[in-house]
Amino acid sequence: MTARPKFFLTTAIDYPNARPHIGHAFEKIGADVQARYRRMAGFDVYFLIGNDENTIKVAKRAAELGQDTKAYCDDMASQFQEVWAALDISHDDFIQTSESRHHEGCRRFIQRVFDNGFIYKGTYEGLYCEGCEAFKTDKDLVDGQCPTHRRAPVRRSEPGYYFAFSKFQDRLLAHYAAHPEFIQPQSRHNEVVNFVQSGLQDTLISRHGEQWGIRIPFDEEFTIYVWFDALLNYMTAIGFGHDETQWARWWPADVHFIGKDITRFHCALWPAMLMAAELPLPHKVFGHGFVQRRDDRTGELVKESKTLGNVTEPMDLITKFSSEGFRFFFMRECPFPGDGEFSWQRFAEVYNSDLANNLGNLFSRVATLLLKNYGGELPAIDAAAAVEPPEGPDPASLAASVASHVETCDYHLALEAIWRQNLDPANRIADRYEPWKLVKSDKAKAGSVLRHMVEALRRAAIYLKPFLPRAAQRIYGSFDFETSWESVRYTDAGTSLPPDRPIRLTVAVDEKGKIPPLFPRID
RNA sequence: CCCGGGGUGGAGCAGUGGUAGCUCGCCAGGCUCAUAACCUGGAGGUCGCAGGUUCAAAUCCUGCCCCCGGAACCA
């Protein structure tokens, strides 16, 4: 058996101090499309997601609820995974950073960096709130006071371990220059270069006196500061520190999908950590944009927050409509590299026009025409009766262009092309030749028109396999195409069906002899 | 103050040098196979402002105005 190329992709791990929101979902969906696309393209894919549990906030939240921290984390992890399952996220692994595989790997890693001389003991000095029993940054304070305890923090210093981040400034800049594709999109690349050029400070990577978290192997009184631990999930999940064969198989990551806000950690701190440990760097970091919510009534952008209780639950969207509608909206409407907006009204608009009225309706009309006029079987094509294919680019170049958009994560452009250059032309050719009339005078010619329409559906199904896995399969599986659903590739969308082979409709009809709609309209 | 993103017909967005495009909405037709869907045509934009480069700019350069986000545990 020949070895297939591997593709290892990750998303950021999420803080489980609240249930997942649409922003988390946006990232998972975008990564999932990539994972599914790569599997179609023949890669051996490992898709990792997970939760980031070694934070003080999580321990505090658990304490508030009177729960054991680990039990709380496990419960949240299952709540997150419930949402991801409902969204058809096809991850291969879900890591919790409280797992022992992660702890072990982290300890190995930090020891290694320590042995290489990039960690040293120093003194941390900062503003400490005695009420919170925690250090505060300037932005935590309101009028110089801790907002929860209404008192000014005091200067306090304590010993801690520092990572020699500053030593990597030149090497990082050299790496960005040598690998311009490392940070995507381009705007994020510029941001990071700028940040690193402005100078790096050594960072504190330890915490003192915490019960929850990972102990530092060379000084057990300390725990590992969350970022230094969190980033390592990408390696510990695939075996770093406990399964070297697996680790060697998958590392380095092909792409880390992250929110644009944590670009610096992934593009500066993370590669520096790997350099310090003398390990290979990931190939690419993709910082996607954010989804904001627009209020349907006021038309204003909404700042979602737990305390205001106005967080949009992904589950609401899924149960109210469908995971497919959810996936489609975010991928079509919110450019992955940039920002997007969500509103219930806009959601219904996009769903109705693209999914119900266009794709879904095209499927209905084709299926019904086939059923009513051909008994569900479109005969082999008669060359003399063949009509010109719908306007638009030739199938092979459209397939190449859609694939290229998917590879660069310009999902909105990929979907736009599928609709404007593949589906719209199919609806137009129907109107132009009116096969429902034509079938009475020239059945062969009408059949040729229908073939073009079936082709459009077949191609759409292939293109949409990573985006709408269920609907795409349902469309594809409604016909007896030769290539199996499991083995289709994007390049198949660039080909045409063999004209000498009949096309049989295999879809089931309901009691009334009708085909149930693919995407029922939202009213 | 600094950094990043953005300002395109009523709304939301594509579009990085060569007749301004898409979705929704609106108006008028057509069609009836289809999920009251689909197709055609129309109204509606001096592409934030001011300069500049060019035979040619929404698209490149300069300055300014406005909006959003960020500045190290927030996707």
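The aromatic rings of A:Tyr162 and A:Tyr120 sit parallel to each other, their planes meeting at less than 30°, with 60° as the upper class boundary. Ring pair A:Phe222/A:Tyr161 is perpendicular by interplanar angle, where above 60° counts as perpendicular and below 30° as parallel. Relative ring orientation between A:Phe47 and A:His91 is described as perpendicular, the plane-to-plane angle rising above 60° on a 0-90° scale split at 30° and 60°. Using a 30° and 60° split on the angle between ring planes, A:Phe118 and A:Phe168 fall in the tilted class, from 30° to 60°. Taking the six-membered ring for Trp and thresholds of 30 and 60 degrees, A:Tyr234 and A:His266 have ring planes inclined between 30 and 60 degrees apart. Ring-plane geometry between A:Trp84 and A:His24 is classed as perpendicular, the angle between the planes exceeding 60 degrees on a 0 to 90 degree scale with a lower cut at 30. Taking the six-membered ring where the residue is Trp, A:Tyr411 and A:Phe467 present perpendicular rings, their angle passing 60° and hence far from 30°.
Using C1' as the reference atom, B:rG45 and B:rG12 are 15 Å apart when rounded to the nearest Å. Annotation: B:rU62 and B:rU23 have their P atoms spaced 36 Å apart (nearest Å). Taking atom P on both B:rC49 and B:rC55, the two are 25 Å apart, rounded to the nearest angstrom. Annotation: B:rC65 and B:rC74 have their C1' atoms spaced 30 Å apart (nearest Å). Across B:rU32 and B:rC26, the matching P atoms stand 24 Å from one another, rounded to whole Å. Here, B:rG9 and B:rG44 have their C1' atoms 5 Å apart, quoted to the whole Å. A distance of about 32 Å separates the C1' atoms of B:rC22 and B:rG52, rounded to the whole Å. Only the C1' atoms considered, B:rG25 is 8 Å distant from B:rA11, to the nearest whole Å.
A salt bridge links A:Arg470 to A:Asp88: at least one charged side-chain nitrogen sits closer than 4.0 Å to a carboxylate oxygen. A salt bridge links A:Asp424 to A:Arg420: at least one charged side-chain nitrogen sits closer than 4.0 Å to a carboxylate oxygen.
When the C1' atom of B:rC74 is taken as reference, atom CZ of A:Phe26 falls 16 Å away, rounded to whole Å. For A:Leu200 and B:rA72, the CG to C1' distance is 11 Å, given to the nearest whole Å. Distance CZ (A:Phe286) to P (B:rA75): 18 Å, rounded to an integer number of Å.
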Exercise. Between protein and nucleotides 30-39 of chain B, map the contacts as a letter string: B base, S sugar-phosphate only, - none, heavy atoms under 4.0 Å, written 5' to 3'.
Key: BSSBBB-SBS
Quiz prompt | Summary of protein contacts for nucleotides 2-18 of chain B, nucleotide by nucleotide, where a base hit scores B, a sugar-phosphate-only hit scores S (4.0 Å, heavy atoms) | solution = -SSS------SSS----
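At a threshold of 4.0 angstrom between heavy atoms, the contacts of A:Ile258 are confined to the sugar-phosphate backbone, with no base atom among them. Within 4.0 Å of A:Gly23, counting heavy atoms only, lies at least one base atom of the nucleic acid. At the heavy-atom level, A:Phe257 lies nowhere under 4.0 Å from the strands shown.
Cation-pi geometry between A:Lys320 and A:Phe326 is not met: the NZ or CZ atom fails to fall both under 6.0 Å from the ring centre and inside 45° of the normal.
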Exercise. Treat a base pair as Watson-Crick or G-U wobble with both distances under 3.5 Å, then lay out RNA chain B in dot-bracket form, 5' to 3', with | for cross-strand pairs.
Key: .(((((((.[[[[.)..(..]]]].(((((.......))))).....[[[[[..)....]]]]])))))).....
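A distance of 12.0 Å separates CZ in A:Phe519 from CG in A:Asn357, rounded to the nearest 0.5 Å.
At a threshold of 4.5 Å between non-hydrogen side-chain atoms, the residues A:Trp270 and A:Val285 do not count as touching.
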